[in-house]
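Here is the structure we will look at, set down as structure tokens.
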Protein chains: 2
Amino acid sequence: MEALTRKQRELIEREDLILQAAHDLLLERGYHGLTMERIAKAIEYSKGTIYQHFRCKEEVISALASRYLEKQLAMTERAASYEGRTRERIAAIGEGLEIFIRLHPDEVRILQIIKSETVSEKASEECQAAMKAVEFQAMATVAAIVHAAVLDGDLELAPDTPPEAVSFGLWAIVSGGHANILRDLPFQEVRIGDPYAVTMNTCDILLDGYGWRPLSTEWDYARTRERARWTLFAKEARRLCGEECPVRAAEAR
Amino acid sequence: MEALTRKQRELIEREDLILQAAHDLLLERGYHGLTMERIAKAIEYSKGTIYQHFRCKEEVISALASRYLEKQLAMTERAASYEGRTRERIAAIGEGLEIFIRLHPDEVRILQIIKSETVSEKASEECQAAMKAVEFQAMATVAAIVHAAVLDGDLELAPDTPPEAVSFGLWAIVSGGHANILRDLPFQEVRIGDPYAVTMNTCDILLDGYGWRPLSTEWDYARTRERARWTLFAKEARRLCGEECPVRAAEAR
DNA sequence: ACAAATAATGACGTTCCGTCATACAATAAC
DNA sequence: GTTATTGTATGACGGAACGTCATTATTTGT
């Protein structure tokens, strides 16, 4: 038992090493610059050893992506527990996702890489299914809030509109927006100073369009986000803006 | 002159051959199954000859993508010329894009492949710049309509919202939506029967959120789309639903 | 008909993948 | 403490693809 546990610990530890090295290589040299040989060199093991953990290079990337997806899901679920109106919970999720991408743009970039067919076509079914499952759970979390809003009367949906249509729309905005942001197009040229803020704002407008009460004209969702930021994501937020919490700073005065 | 022209024609013709072969291979065997050798075999030339047209495999894919982007842009611009209210023009563009993806899902899939960093990291700067330029033109076309709407009073934007923020949002919905559609997630399970329709509807709701008049509750945009479909995209639409034009079919009765 | 220029070819060097026989280490048995 | 057994790590190897380039073939011009 003891021996087994130590062995297992060693395995897990090495897996961490591999993934860390893969992450660095992926960002520094891109998908084609990531080679098994280079990972091996970086962690001071041989190529063969890596193949005892992963079936192919694409599954290494998949494993990386799964981690980041789970991290993202954890933030989403944490945000979903925000205490307040249903629409505030959605705003909190938006805040969580924005913090995530601002804090870990690299990880989101890697998520994009794996989602491309180019990479996923070589990963095994299990790997892909595992990733899709995590994503679906995030979708389901949002859909559940939409459902709750319908039940408590804050939102009325047309009879042919399932709650999932709303979460699908939000999802499209966020994933499409972030995908475009990471391709660093010249946003300045078109007077979009902060594309993250535009993405969030688009979500707000969409929900206004659905008539989800209270509308953004009747409620200060910026404030909701700020609160979510410092109650649910304090640690991350502090890292993001350099140990500086504006609310507490203001209170201190 | 004559000789030169013939040479050039041969070159262009062969380029078409190459791209056609690449398209087929890409769809049948995926990115990793697309090899220069296989293209060569398919068009009955040697590998070296292909390298006189393209610097590397990724540039072959880029060239393919550029074509499809231009095709898409052409449809967008055609749609933008729809005669009617500004918001109808946006609806027409939506209709055009939907027809495009329904008619050529393969081409959209290829567009997604090239957009992934995995592929673009190996394509030359010029190639990438060319593609971004086409995309930007599409964005600009939409932004111009937004601008027109502001000028003629159908749309009032908050002072901190540039017209491009609206087109950015629409763009995010459509590209994010289509990206998710092509990954064929189990939409049936969440009662989303027609994800294309949901994507379009999300755009409508967003514009309602912006208060772009006439709202979708005051105007039948489904009708606008239908009209755009049979006035601007008759040929494509006929191909799409098998020579069957519902309007004319109804009139014939 | 022959020389010059242009284009096509596929063998070659290189890189990377993924496998597997072999070498090495750890545990168990005697 | 030595030997057997089991398990783990290694890098040499075959194979596939890339991209190049010397050679061969074809076209063009005189």
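Fair warning: this is a prediction, and the values are worked out from it, not measured in the lab. So that the names make sense, note that chain A is the first sequence line, chain B the second, and so on, each numbered from 1.
- Atom NZ of B:Lys132 has more than 12 neighbouring heavy atoms from other residues, nucleotides or ligands inside a 6.0 Å radius.
- Taking the six-membered ring for Trp, B:Phe100 and B:Phe233 have ring centres at least 6.0 Å apart.
- B:Gln20 and B:Asp24 form a side-chain donor-acceptor contact under 3.5 Å, judged by distance and modelled atom types alone.
- No donor-acceptor pair closer than 3.5 Å links the side chain of A:Arg191 to the backbone N or O of B:Pro162.
- Side chain of A:Thr49 to main chain of A:Tyr45: no donor-acceptor pair is present (N/O by atom type, distance under 3.5 Å, no hydrogens or angles).
- In this structure, B:Ile18 places its CD1 atom 14 Å from C1' of C:dA7, rounding to the nearest Å.
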Dump the pairs, protein N or O against N or O of nucleotides 15-17 of chain D, anything under 3.5 Å, distances to one decimal.
none

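- Under 4.0 angstrom from either OP1 or OP2 of C:dT9 there lies at least one side-chain N or O belonging to B:Thr49.
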Atom pairs under 3.5 Å, N or O on each side, protein against nucleotides 20-25 of chain D: can you list them with distances?
none

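- Within the 4.0 Å cut-off from OP1 or OP2 of D:dT8, not a single side-chain nitrogen or oxygen of A:Gln52 is found.
- Counting to the nearest Å, the P atom of D:dC18 and the CD atom of B:Glu59 are 14 Å from each other.
- Rounded to whole angstrom, the span from the CD1 atom of B:Ile43 across to the P atom of C:dG10 amounts to 13 Å.
- Checking side-chain atoms of A:Glu236 against main-chain N and O of A:Leu103 turns up no donor-acceptor pair under 3.5 Å.
- Between the OH atom of A:Tyr45 and the C1' atom of C:dC24 there is a distance of 14 Å, given to the nearest Å.
- Between the side chains of A:Gln112 and B:Ser116, no donor N or O sits under 3.5 Å from an acceptor N or O.
- Between the side chain of A:Arg38 and the backbone N or O of A:Gly33, at least one donor-acceptor pair lies under 3.5 Å.
- Between the CD atom of A:Glu10 and the P atom of D:dT8 there is a distance of 10 Å, rounded to whole Å.
- Counting non-hydrogen atoms of neighbouring residues, nucleotides and ligands closer than 6.0 angstrom, the NE2 atom of B:His147 reaches no more than 12 such neighbours.
- Rounded to whole angstrom, the span from the CG atom of A:Leu25 across to the P atom of C:dC16 amounts to 12 Å.
- Atoms CZ (A:Arg14) and C1' (D:dT10) sit 12 Å apart, rounded to a whole Å.
- Distance A:His53 NE2 to D:dT10 C1': 14 Å, rounded to the nearest Å.
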